[in-house]
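What you are looking at is a predicted structure, and each value in this text was computed from that prediction instead of being measured. Index from 1, following the sequence.
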Amino acid sequence: MKTKFSILLFLVTIYSFGQKEDITTALYETYEKYKEPSLDKRRIKHHDLQPLIAQYEQNPKFTVKVVGRSIEGRDLSLVSIGEGTTNVYLWSQMHGNEPTATQAIFDIFKFFASDDFETEKKAILKNLRIHFLPMLNPDGAEVFQRRNRLGIDINRDALRLQSPESRTLKRVRDSLQADFGFNLHDQSTYYNAERTEKPATISYLAPAYNYEKEINEVRGNAMKVIVFMNNIIQKYAPGQVAKYNDDFEPRAFGDNIQKWGTSTILIESGGYANDVEKQEIRKLNYVSILSAIYTIAKGNYADIPITDYEKIPENDRKLFDLKITNATYELLDKPYVLDIGINRLEVDIEDSTEFWYSSRIIDQGDLSTYYGYEAFDATGYTIKPGKVYTEHFKSLQQMSDQGKDPISLLKSGYTYVRIANIPKEQLSSPFPVHMISSTYEVPEFNIEVGLNPTFLLEKNGVVKYAVINGFFIDFESGKGVFENAMIYR
Ligand SMILES: [Zn+2]
């Protein structure tokens, strides 16, 4: 009995020791504790960050310095931590609509402010001094756009340095002579790992510093850290990593910072199924960046073979939000077979973290080399246009008072309802049925690139599915019902 107990104790000890060594697993499992709760939407603004930065300014573990200002005068703050001699520099959101890593940086601050992971933190802070410049393009973030207030792409301003944001990024790099740089971006959710249906949830690049794409020690170290991070992401999002084409871009920051002697790692946060606000990807950023910082502090990355970098699949752009295959489409009384690729495009709402969808047909024809986050094989189904409901309503209220249920309208083949008084502030229909004004004339039905995807799928005279504003609705299961069709006034 005693022996059995000792063996068990021994096994438990080995197990917990193993756990302790694996900082990545521990970071992943305890993440919720460090997630900064105020930053859970992609459309975060500069003013959302300021109270948090002020809070860390009061914390003796951190140094906060205003190192520059945007064109519109917003502070660019550098937050530093650690006493080591190796300088690590991380900057995010030089493109205003790419916030995922900014959120992760504030999670990392919360991690360093806590009293947990004492041993690991000691190793990190003794060896490194880490500098964060979150939201380099606050003017762009204000209106959720890529470019800055001058209308330029900061990532093409590394040589000309016309924007104060660009000058700040370079001045800080030069003053630190940073050993490692993390250039943090978001990419389109429509990127995939080449020739697979897997989204490129994370894409990496160790940018080239010349046209010859040579690999010196500086770039080689960036590749090693990328291989290390790739192995982490593979654990939580298998197959969902890609690498960017490494053609030299002489105007870009990543390429130049690599050239200036800082091992530069570009991280692009892409898409992940059913993660519209990219909060799972934010978590993966937190876990992988902190783990990378740890491995840089320990020097463990040095033994990683550079050849593994080449094994990461290329980034491709072959995903749709919804892909319909093999649907029968009747044109001038003749049947044709079509695949249809549909994306749900976001429309910003001014001064809001919310948005609505106005979807588009992106491509049609043989789309067999493309993939969908959502896919439906429509073999045997015929595309049919929806009708305008015969009864007119004065208001939304009247419609609901009369017990008109949008799904039963859809089932009867109606995809539009006429409403006389559509409130001005109403941006989209709150049903899966389009709202049209008393005078609006629905254009002749067509399946065409650029149009809003709205049609029914019929088999043997029965309508079984609908695509409304790019959302796929299954009548039988009720799956896919959503609250965002279009308004046509
Ligand atoms: Zn970017």
Side-chain angles (χ1 to χ4, degrees), residues 321-322 324 327-333 335 338 340 342-345 347 349 355-361 364 374 376 378 380-489:
D321 283 318
L322 171 63
I324 306 276
T328 300
Y329 175 54
E330 288 163 348
L331 179 70
L332 305 176
D333 300 324
L338 278 187
I340 304 173
I342 291 167
N343 286 352
R344 297 169 194 142
L345 307 183
V347 184
I349 300 172
F355 62 92
W356 57 282
Y357 290 107
S358 173
S359 303
R360 293 289 177 270
I361 296 175
Q364 63 193 53
E374 199 182 346
F376 180 74
Y381 287 88
T382 302
I383 292 175
K384 293 284 176 190
K387 298 174 287 185
V388 180
Y389 188 55
T390 38
E391 201 178 328
H392 294 206
F393 300 103
K394 278 200 200 103
S395 62
L396 281 175
Q397 191 57 46
Q398 195 201 17
M399 181 178 153
S400 67
D401 287 351
Q402 292 186 15
K404 291 297 169 206
D405 155 34
I407 294 300
S408 61
L409 290 177
L410 283 177
K411 279 185 184 165
S412 316
Y414 299 109
T415 54
Y416 301 88
V417 281
R418 274 197 204 282
I419 303 223
N421 301 308
I422 303 173
K424 251 210 177 96
E425 63 279 9
Q426 190 89 37
L427 299 168
S428 63
S429 165
F431 312 115
V433 176
H434 300 309
M435 288 173 22
I436 57 176
S437 68
S438 316
T439 50
Y440 181 80
E441 271 185 57
V442 177
E444 198 183 333
F445 182 73
N446 212 351
I447 295 291
E448 195 182 307
V449 168
L451 294 183
N452 186 279
T454 296
F455 52 85
L456 305 165
L457 288 171
E458 185 196 83
K459 195 181 212 169
N460 305 326
V462 183
V463 177
K464 299 194 90 167
Y465 305 97
V467 172
I468 307 291
N469 193 23
F471 289 85
F472 186 79
I473 302 170
D474 178 345
F475 295 145
E476 204 159 305
S477 67
K479 226 182 108 196
V481 175
F482 67 102
E483 299 176 340
N484 178 181
M486 302 290 287
I487 290 177
Y488 298 105
R489 289 181 165 94

| task | May I ask you to decide if the ring planes of Phe472 and Phe376 are parallel, tilted or perpendicular, using 30° and 60° as cut-offs? | result | tilted
| request: Would you confirm whether Asn343, through its side chain, and Leu345, through its main-chain N or O, come within 3.5 Å as a donor-acceptor pair? | output: no
| query | Is Glu330 paired with Lys384 through a side-chain N to carboxylate O contact shorter than 4.0 Å? | reply | yes
| task | Mark yes or no: Lys459 above the aromatic ring of Tyr381, with NZ or CZ under 6.0 Å from the six-membered ring centre and no more than 45 degrees from the axis. | result | yes
| said: Please check: side-chain N/O of Gln398 versus main-chain N/O of Lys394, any donor-acceptor pairing under 3.5 Å? | reply: yes
| message | Is it true that, when you exclude Gln402 itself, more than 12 heavy atoms of the residues, nucleotides or ligands shown sit nearer than 6.0 Å to its CD? | response | yes
| request: List the atom of Ile419, the atom of Met399, and the distance in Å for their closest heavy-atom pair. | output: CD1-SD, 4.1 Å
| If you take all heavy atoms of Ser359 and Asn469, which pair is closest and at what distance? | OG-O, 2.6 Å
| query | Is the centre of the Tyr329 ring less than 6.0 Å from the centre of the Phe455 ring? | reply | no
| message | Taking the side chain as everything from C-beta on, heavy atoms only, tell me whether Ile361 gets closer than 4.5 Å to Glu448. | response | no
| field | Minimum heavy-atom distance between Gly480 and Phe471, given as atom pair plus value | value | O-CB, 4.5 Å
| request: Look at the side chain of Ser412 and the backbone N and O of Ser408, then say whether any donor-acceptor pair between them is shorter than 3.5 Å. | output: yes
| request: Over 60° means perpendicular and under 30° means parallel, so classify the ring planes of Tyr389 and Phe393, tilted if in between. | output: parallel
| Between OG on residue Ser400 and CG on residue Asp405, distance to nearest 0.5 Å | 11.5 Å
| message | Return the CG to CG distance between Asn446 and Leu331, rounded to the nearest 0.5 Å. | response | 7.5 Å
| Point-to-point distance, once rounded to the nearest 0.5 Å, from CZ of Phe445 to OG1 of Thr415 | 8.5 Å
| said: Would Asn452 and Tyr488 count as a side chain to side chain contact (heavy atoms under 4.5 Å, CB included) here? Give the steps. | reply: CA-CA 12 Å; Asn452 186 279; Tyr488 298 105; 3.6 Å; yes
| said: Within this structure, what is the NZ-CZ distance for the pair Lys424 and Arg489, rounded to the nearest 0.5 Å? | reply: 8.5 Å
| message | So, taking the atom named CE in Met486 and the one named CD1 in Ile436, what distance separates them when rounded to the nearest 0.5 Å? | response | 13.0 Å
| Taking all atoms of both residues into account, what is the closest heavy-atom pair of Leu456 and Gly386, and its distance? | CD1-CA, 4.0 Å
| request: For the pair Arg418 (side chain) and Ser437 (backbone), establish whether a donor and an acceptor sit closer than 3.5 Å, ignoring hydrogens and angles. | output: yes
| query | Closest approach of Ile324 and Ala327, non-hydrogen atoms and distance? | reply | CG2-CB, 4.2 Å
| field | Ring centre gap for Tyr416 and Tyr440 strictly below 6.0 Å | value | no
| At their closest point, which heavy atom of Pro432 faces which heavy atom of Ile407, and how far apart are they? | CG-CD1, 4.1 Å
| task | Test Leu457 against every option in Val463, Ile473, Asp474, Ile383 by the side-chain contact (heavy atoms from CB on, under 4.5 Å) rule and name the one that passes. | result | Ile383
| Salt-bridge present (Arg344, Glu374; N to O < 4.0 Å) | yes
